[in-house]
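Report on the structure given below.
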Amino acid sequence: MKVRLPDGSKKELPDGATAADLAAAIGPRLAAAAVAATSDGRVVDLSARLTDGASVAVVTPDSEAGRDVLRHSTAHVMAQAVLRLWPGAHFAIGPVIADGFYYDFELPGGARFTDEDLGRVEAAMREIIAEDQPFVRHELTADEGLALFADQPFKREIIQAVTEGASEVDAAADVDGTEGPPLVSTYENSPAFTDLCRGPHVPSTGKLGHFKLMRVAGAYWRGDEKRPQLQRIYGTAWESEVALEQYLVRLDEAERRDHRRLGAELDLFSFPDEIGSGLAVFHPKGGIVRMEMEDYARKRHLAAGYQFVYSPHITKGSLFEESGHLEWFADGMYPPMELDGGTSYYLKPMNCPFHILVYRSSQRSYRDLPMRLFEFGSVYRYEKSGVVHGLTRVRGMTQDDAHIFCGREQMEGELDSLLTFVLGLLGDYGLDDFWLELSTKPEGKAVGTDAEWTEATTALRRVAQGRGLELAMDEGGGAFYGPKISVQARDAIGRSWQLSTIQVDFQLPQRFGLEYNGADNAKHRPVMIHRALFGSVERFFGVLLEHYAGNMPTWLSPEQVRVLPVRDDHLAYAEHALERFVAQGLRAGVEDAAEPLGTRIRKAKLEKIPYVLVVGDQDVEAGTVGVNRRGEDRPTRGVPLEEAVEAVRRDVQGRWTSPTGGPDAAGMA
RNA sequence: GCCUGGGUAGCUCAGUCGGCAGAGCAGCGCAUUCGUAAUGCGCAGGUCGUGGGUUCGAGUCCCACCUCAGGCUCCA
């Protein structure tokens, strides 16, 4: 028989040859490295028989597919190790995830994993790997499978779900697509361990070894809060010790960028216990960053035709009854404050009802539309205690929130210009790698007719597609009142953050009976678009901080320039220089020579100040400064003072994100 | 809310068997006046997350709560 190789060539093999035979026929080094193969795009075991005419490729561990196989096989070895250490444990599923894998278990007697257990499990895994056990695939009927896993309830549940053709396809099992009784596949490592699995796997455990168990966690069976909570171990596995090491370094880098750590180090914000979980205070330096962020957004919104409104933090419950929030969002709200007359007041979780009341405060004409009402609105949401996380998930936040009221026929155009506005604005903050996600009607938790949902969803989809950006579907992920597009941004180290959301809403205008007089002198109902570009100011702050690793662009930096006199007899000149920067509206400071120059430079660098200027005898003489820019190795001496002022001014005015503030400089301490 | 691990000086952390509360950095004082990432000496700083309990004696053992981290679930 003949098979086609990736380079287009054909290879003649004896009938019945396996993928391993193919690798061996190509070369001994490939055969030794091979962990799996692909046949017509499907990843298969090396032991799989090839079919005549198939397009095949050998999979090595240094590819995405290869690492997946490695990780999946390592997960099996971990399960085997856990079952060896905890006889009678039940094991559930063990899929591959980004950069690693996990496996869920139920330990006998309700036991839990502790961090110390990770070392024991790792040691047992290394034994299994040293034993070089083969992964042997078997195919069984469902009944045989149920018998084999008689004492493994989770495996039995998977077999039942999969063979009944349930739509929830599970990664842990495989159904033979052909006629006859449904088959499931298993992999046997040793007489002591067989796992239900779709595969494929490396040929034997000896191919594994560059792994590390990362942490233990609880996880609900099938992600359902109402089902038993299982014990999960997360691990990572790589093709080589070097690759594993590089991954761990990458984790360290992410940790160095952690906005919670940077927030404390740079004295930007904190979460005092005295206030409560998920409630931040911004310190003076963080306050400047935030003020600049907000001021620029205000300017852009004004220019884009938004009108500014303000609304209170609390309201009578009747408003949230009218809006439907008490019916649909009560779980996310703080409990009511009961006042004298028995009236309940609530902290607002959203701004929309207030903006609606502004709209409804007088008669509206088609000439008023689209009406775009903007507010930095602080809202409070009662998040479950386990979910608060730094600035990205808080209980009190400020949204850069606006509601656009427009005619139905204006909707699509408005959405389109809105998306342009969003991407442009985010770009000015230095984010420029986006993808979109379209969230559709949530089942059983939505208001409105199917026709309305379809109309809104279609409009959003058309606008999103018109952008040519990657578009992912989030079926059932919409809010109860309408579908949405969320704009996801990738940061400097490739992580995605959900930022902007744009939601269409036919419901609230209806609930609140909103109207406008059309050109036809008839009453019409406006459409409402909810949108927040930062998502929340707090989250966006955190995202920018991580994106820049604390090296905020100069225009956002709390202190843009620090002037250091070499000796105190240069102090007067340093202060003169300072005045020149301050006169241009720049944020600058001077530190006198009480400490050695090297120490003061180090302090300024650790504070990530974009421009450190040193002035000494020569500068006083010549009217110059020595410029030490963030992200550059060596300073530039003898720059005329006014030239330096102008350079910083241009940096700020242009909102440069590179090189001094951008990701290019992000690696600098 | 659930699972695992934490909370000791402003920060990072040590604290053995239950027996006087420790270090580095930061801060303050004095000296030092220096050309590009840590000058020296000294001083001060703590209700060991909070509240109960066990004990002659608790940072250490037990219980409850608060809070943080990593997950699950959820979401801007």
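Proteins get letters first, then strands, A, B, ... in listed order; numbering begins at 1 in each. Because the structure is a prediction, the values reported are computed rather than measured.
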A:H570 or A:D224, whichever maps to the more 5' nucleotide of RNA chain B
A:H570
What I want to check is whether an N or O donor and acceptor connect the side chain of A:D617 with the base of B:G35 at under 3.5 Å.
no
For A:G386, which contact category applies under a 4.0 Å heavy-atom criterion: base, sugar-phosphate, or nothing?
base
For A:R290, is there an ion pair with A:E538 - N to carboxylate O distance below 4.0 angstrom?
yes
Between the CZ atom in A:F329 and the CZ atom in A:R381, the distance rounded to the nearest 0.5 Å is 4.5 Å
What distance, rounded to whole Å, do you find between the two C1' atoms, one in B:C20 and one in B:G15?
14 Å
Just by distance, do the side chain of A:R395 and the backbone of A:Y382 share a donor-acceptor pair under 3.5 Å?
no
With a 4.0 Å cut-off on heavy atoms, is A:A217 in touch with a base, just the backbone sugar-phosphate, or nothing at all?
base
Verify the distance criterion only: is there a donor paired with an acceptor across the side chains of A:Q503 and A:H530 at less than 3.5 Å?
no
I want to confirm an ordering. Mapping A:Q618 and A:S500 to their closest nucleotides on RNA chain B, which one lands closer to the 5' end?
A:Q618
Do the side-chain N or O atoms of A:R600 get closer than 4.0 angstrom to the phosphate oxygens (OP1, OP2) of B:A37?
no
Any A:Y234 side-chain N or O less than 4.0 Å from OP1/OP2 of B:C3:
no
Phosphate-side-chain proximity, A:H389 and B:C74, N/O vs OP1/OP2 below 4.0 Å
no
Base, sugar-phosphate, or nothing for A:Q498, non-hydrogen atoms under 4.0 angstrom?
sugar-phosphate
Within the structure shown, what part of the strands sits under 4.0 Å from A:F534 by heavy-atom distance: base, sugar-phosphate, or nothing?
nothing
At under 4.0 Å between heavy atoms, what does A:R232 touch on the DNA or RNA strands: base, sugar-phosphate, or nothing?
sugar-phosphate
Check whether the side chains of A:T624 and A:Q618 place a donor and an acceptor atom closer than 3.5 Å, and report yes or no.
no
Side-chain N,O (A:K226) to OP1/OP2 (B:C2) below 4.0 Å
no
Donor-acceptor pair under 3.5 Å, A:E383 side chain vs B:C75 base:
no
At less than 4.0 Å, is any side-chain N or O atom of A:R539 found next to OP1 or OP2 of B:A76? Yes or no.
no
Rounded P spacing from B:C62 to B:G18 in Å
11 Å
Find out whether the Lys NZ or Arg CZ of A:R120 is both under 6.0 angstrom from the six-membered ring centre of A:W86 and within 45° of the ring's axis.
yes
Determine the contact category for A:Q231: base if any of its heavy atoms lies under 4.0 Å from a base atom, sugar-phosphate if only primed atoms, P, OP1 or OP2 are that close, otherwise nothing.
sugar-phosphate
With a 4.0 Å limit, can you tell me whether A:R393 has a side-chain N or O closer than that to the phosphate oxygens OP1/OP2 of B:C75?
no
Considering just the side-chain nitrogens and oxygens of A:S385, establish if one lies under 4.0 Å of OP1 or OP2 belonging to B:G1.
yes
If you measure from the Lys or Arg side-chain nitrogens to the Asp or Glu carboxylate oxygens, is any gap between A:R257 and A:D491 under 4.0 Å?
no
May I ask you to say what A:D273 touches in the nucleic acid, namely base, sugar-phosphate or nothing, with a heavy-atom cut-off under 4.0 Å?
sugar-phosphate
When you measure only distances, ignoring hydrogens and angles, does the side chain of A:Y382 come within 3.5 Å of the base of B:G1 through a donor and an acceptor?
no
Please check the phosphate of B:A76 (OP1 and OP2 only) for any side-chain N or O of A:S486 closer than 4.0 Å.
no
If only side-chain N and O atoms of A:R260 are considered, is one of them under 4.0 Å from the OP1 or OP2 phosphate oxygen of B:G70?
yes
Considering every strand and a 4.0 Å limit on heavy-atom distances, what is the contact class for A:G535: base, sugar-phosphate, or nothing?
sugar-phosphate
Heavy atoms only, 4.0 Å cut-off, all strands: where does A:G598 land among base, sugar-phosphate and nothing?
sugar-phosphate
With a non-hydrogen cut-off below 4.0 angstrom, is A:F329 in contact with a base, only sugar-phosphate, or nothing?
nothing
Candidates B:C68, B:C72, B:G5 - which lies nearest the side chain of A:T114
B:G5
